[in-house]
Amino acid sequence: MKFTKQIFVTSPALPPIEEYVEHLKDIWQSRQLTNMGRFHQEFQTALISYLQTERIDLFTNGHMALELSLQALNLTGEVVTTPFTFASTTHAIVRNGLTPVFADIKPDDFTIDPKSIEEHITDRTSAIMPVHVYGNVCDVEAIEKIAKKYGLKVIYDAAHAFGVKYKNKGVAQFGDVSCFSFHATKIFHSVEGGAATFTDPDFGRRLSRLKNFGIKSPDCVDGVGANAKMNEFCAAMGLCNLRYVDEEIKKRKKITEVYREILSPIEGIALNPVQKDVTPNYAYFPVVIDERQFGASRNEVMEALAENGVVARKYFYPLTNTFDCFHGEFDAAETPVALHTAKRVLTLPLYGSLSLDDAKRIGEIVAGCGVG
Ligand SMILES: Cc1ncc(COP(=O)(O)O)c(C=O)c1O
């Protein structure tokens, strides 16, 4: 039976409106709407504890956290990264005048392959930019070793990895900097927003100036910065949502279990892995469909879902190294695992307010496309 109301790949969690309204009253009273006010400060303090990081800075969005972090590191030349990601990762590199060099991903968890990273290092490489894609933790130990060996900076795109832990350590603790997205489509959001976590206080000072036009003091502007300050309305929304994020993660875990029960026995459908030593956040439910074994292609499954009122998404397709804006500068054949995955991956709806019955129905529609 077709869903009467369309089901999208995600739907944002919202706090009880009264809680947000209480914060709005405070904003009305103070008339401080932006420029690092009370809620910006409170949100930062709360996140330092939740993400288990030493230092943090907040941004208008995750992209500006990435872009300005690269700038604050004063990088030059090439940055080794993954093409199996959202546009933001690659654009942050290119918009800094740096050259992205694409390493391949691992077929099991879709994160950047350390072996491939090492193969792509040249004397122009200044940094590695891996992505904890779908909240899957990169091989942080191998990446740290490579970075030390070659003297490279590591900037983690942790947009998907809010609340994820590796060996009980928040992912915010890995690399020189980790950048999170608090976009409304993410597991945790502040409508729009983002954060960078790091330990080096000098880097932190440069970064915080860059998000405010490079202004050091009323008499001194020492960086070509942007305006990427998080406003008070977003910070207040983030503070409210933070109180409920653990509940959201628990609900998503249950939905994930429903999908897994239906889809894991099916030949030709590979599920996102359960990673060893990782506390996951259940941010996404990607499936990789092998048409020859399953009997239907990714696009056919997507169409069958759409006919039933379910909007699944091809995260991540196309690969960023095939984007039109790069005019054929890169060759996706050089990242064959990423290319193979991007052609077959489909991300199913997953959000806390999705009912278990609806998840079951979606899983059955997918399963029903196959030959078995
Ligand atoms: C992997 C990845 N990196 C960066 C971003 C950018 O985050 P934002 O939308 O908050 O700018 C996103 C999501 O939007 C993302 O999925």
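Order of appearance sets the numbers: ligands from 1, and atoms from 1 within every ligand.
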Report yes if the side chains of T60 and M230 come closer than 4.5 Å at any heavy-atom pair, otherwise no.
-> no

So, Y150 and E118: side-chain donor and acceptor under 3.5 Å apart, yes or no?
-> yes

Ligand 1 contact on H160 by region, counting heavy-atom pairs under 4.0 Å | side chain

For T85, the ligand 1 atoms whose distance to one of its heavy atoms is below 4.0 Å = 1 (C)

Within 4.0 Å of some non-hydrogen atom of K186, the atoms of ligand 1 are 12 (C), 13 (C), 14 (O), 16 (O)

Hits for side chain to side chain donor-acceptor pair (under 3.5 Å) against Q41, two or more places apart or cross-chain, chain-then-number order -> none

Please report which non-hydrogen protein atom sits nearest to atom 12 (C) of ligand 1, along with the residue it belongs to and the distance in Å to one decimal place.
-> F86 CD2, 3.5 Å

Which of the ligand 1 atoms, numbered from 1, are nearer than 4.0 Å to a heavy atom of H63 = 6 (C), 7 (O), 8 (P), 11 (O)

Atom 3 (N) of ligand 1 sits nearest the protein heavy atom D157 OD2, 2.7 Å

Do side-chain atoms of Q6 reach the backbone of G309 as a donor and acceptor pair under 3.5 angstrom?
-> no

Does the N or O separation between S181 and ligand 1 drop below 3.5 Å for any pair?
-> yes

S88 neighbourhood, listing ligand 1 atoms whose heavy-atom distance to it stays under 4.0 Å = 4 (C), 5 (C), 6 (C)

Tested for ring-ring contact (aromatic ring centres under 6.0 Å, His included) against H132, the lone hit among Y156, F84, F174, Y284 is Y156

Does the side-chain hydrogen bond (donor to acceptor under 3.5 Å, both in side chains) test come out yes or no for K229 and N227, once each step is laid out?
-> CA-CA 6 Å; K229 306 181 298 284; N227 179 359; 3.0 Å; yes

Any C179 heavy atom less than 4.0 Å from ligand 1 = no

Within-cut-off N or O pair, E192 and ligand 1, under 3.5 Å | no

Under 3.5 Å, is there a donor-acceptor pair between the side chain of H120 and the main chain of S116?
-> yes

Heavy-atom contacts with G193 under 4.0 Å: which atoms of ligand 1 show up? List them by number with element.
-> 10 (O)

Purely on distance, is any nitrogen or oxygen of G62 under 3.5 Å from one on ligand 1?
-> yes

Parallel, tilted or perpendicular: which fits the ring planes of F110 and Y134, with parallel below 30° and perpendicular above 60°?
-> perpendicular

